[in-house]
Enquirer: 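Can you read through this structure? Questions will come right after.
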Amino acid sequence: MVIKVGVTGGIGSGKSTVAKIFAVLGVPVYYADDASKRIMNSDPEVIELITRHFTGEAYKDGKLDRSFLALKVFNNKGNLELLNSLVHPATIRDADRWLSMQQAPYVIKEAALLFESGSYAALDYVIGVSAPYDLRLQRTIARDHSNRDQVMARMNRQIDENIKMKLCDFIVYNDEEQLLIPQVLKLHELFIKESIERNATLRKS
Ligand code: ATP
């Protein structure tokens with residue numbers, strides 16, 4: 001039985017960075033953001049829904065026009081929620097399919113909106129990646145070459161980080177004070193140990 005572990009956190013907290021460390025350890029990782037981009041470009045049902053709600057301009061030469069869509073959802077909470085509601089069900093189905101095919105002791109699903117989308121319910125544990133607001137802001141500005149106001153607007157639309165972290169089973173602190181790799185290694189050992197114990201219990205029953 002594969003243990004399913006979510007990794008979540010606010011924009012720029014370091015979710016992908018943490019997930020990549022797990023991947024280096026050989027753990028299969030599902031990146032929900034990459035998957036949703038793929039799905040928006042390939043799932044006929046999702047393409048039809050996006051076109052219906054956001055017009056044919058949402059696709060240019062058969063490819064999702066990300067800047068058009070970004071303009072539609074930027075500073076428009078209703079449109080952002082609408083877009084999420086069109087894409088999330090297909091992403092959750094895709095992740096569930098992926099999870100059911102894995103055979104490792106445990107797997108990671110990295111997603112920004114695990115709690116908001118309800119998809120945390122299918123997971124055994126959730127790891128929250130926590131970093132101070134200003135550091136998240138600086139990292140995201142540097143990574144995306146975006147301006148401060150745009151990143152702050154995106155950050156301020158998300159659930160408060162403190163609330164999110166309270167919902168998590170484990171917290172990884174990515175605050176440039178505590179080293180990331182030892183924290184991930186500790187969790188890796190814990191999940192491997194639990195997997196061994198679970199399998200031993202299954203064999204006995
Ligand atoms: P998003 O929600 O926007 O996708 P994220 O939570 O996945 O963000 P990352 O992409 O992992 O965050 O990290 C944001 C940026 O900060 C990246 O450029 C990453 O390389 C950098 N970063 C993250 N953690 C660290 C760290 N401990 N030291 C140095 N740079 C870091």
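Every number for a ligand or one of its atoms is a count from 1 in the order of the listing.
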Enquirer: Between the side chains of Tyr133 and Gln138, is a donor N or O closer than 3.5 angstrom to an acceptor N or O?
Expert: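 Looking only at side-chain atoms, Gln138 and Tyr133 do not form any donor-acceptor pair under 3.5 Å.
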Enquirer: Side chains of Tyr30 and Asp94: is there a donor and an acceptor less than 3.5 Å apart?
Expert: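 Yes - a donor-acceptor pair under 3.5 Å links their side chains.
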Enquirer: With no hydrogens and no angle check, just 3.5 Å: does a side-chain donor-acceptor pair link Ser67 and Asp65?
Expert: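 Side chains of Ser67 and Asp65: pair found under 3.5 Å.
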Enquirer: Please list all pairs passing the ring-ring contact (aromatic ring centres under 6.0 Å, His included) test where one or both residues lie in residues 36-68, with sequence neighbours left out.
Expert: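 Pairs touching residues 36-68 that pass the test: none.
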Enquirer: Exactly which residues line ligand 1, taking a heavy atom under 4.0 Å from it as the test?
Expert: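 Correct list: Gly10, Ile11, Gly12, Ser13, Gly14, Lys15, Ser16, Thr17, Glu110, Arg139, Arg143, Asn174, Leu180.
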Enquirer: Are more than 12 heavy atoms from other residues, nucleotides or ligands located less than 6.0 Å from atom OH of Tyr120?
Expert: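 At most 12 heavy atoms, drawn from other residues, nucleotides or ligands, come within 6.0 Å of this atom.
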Enquirer: Does Gln102 use its side chain to pair, donor to acceptor, with the backbone of Val107 at less than 3.5 Å?
Expert: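 No; judged by distance alone, with no hydrogens or angles, the pair does not exist.
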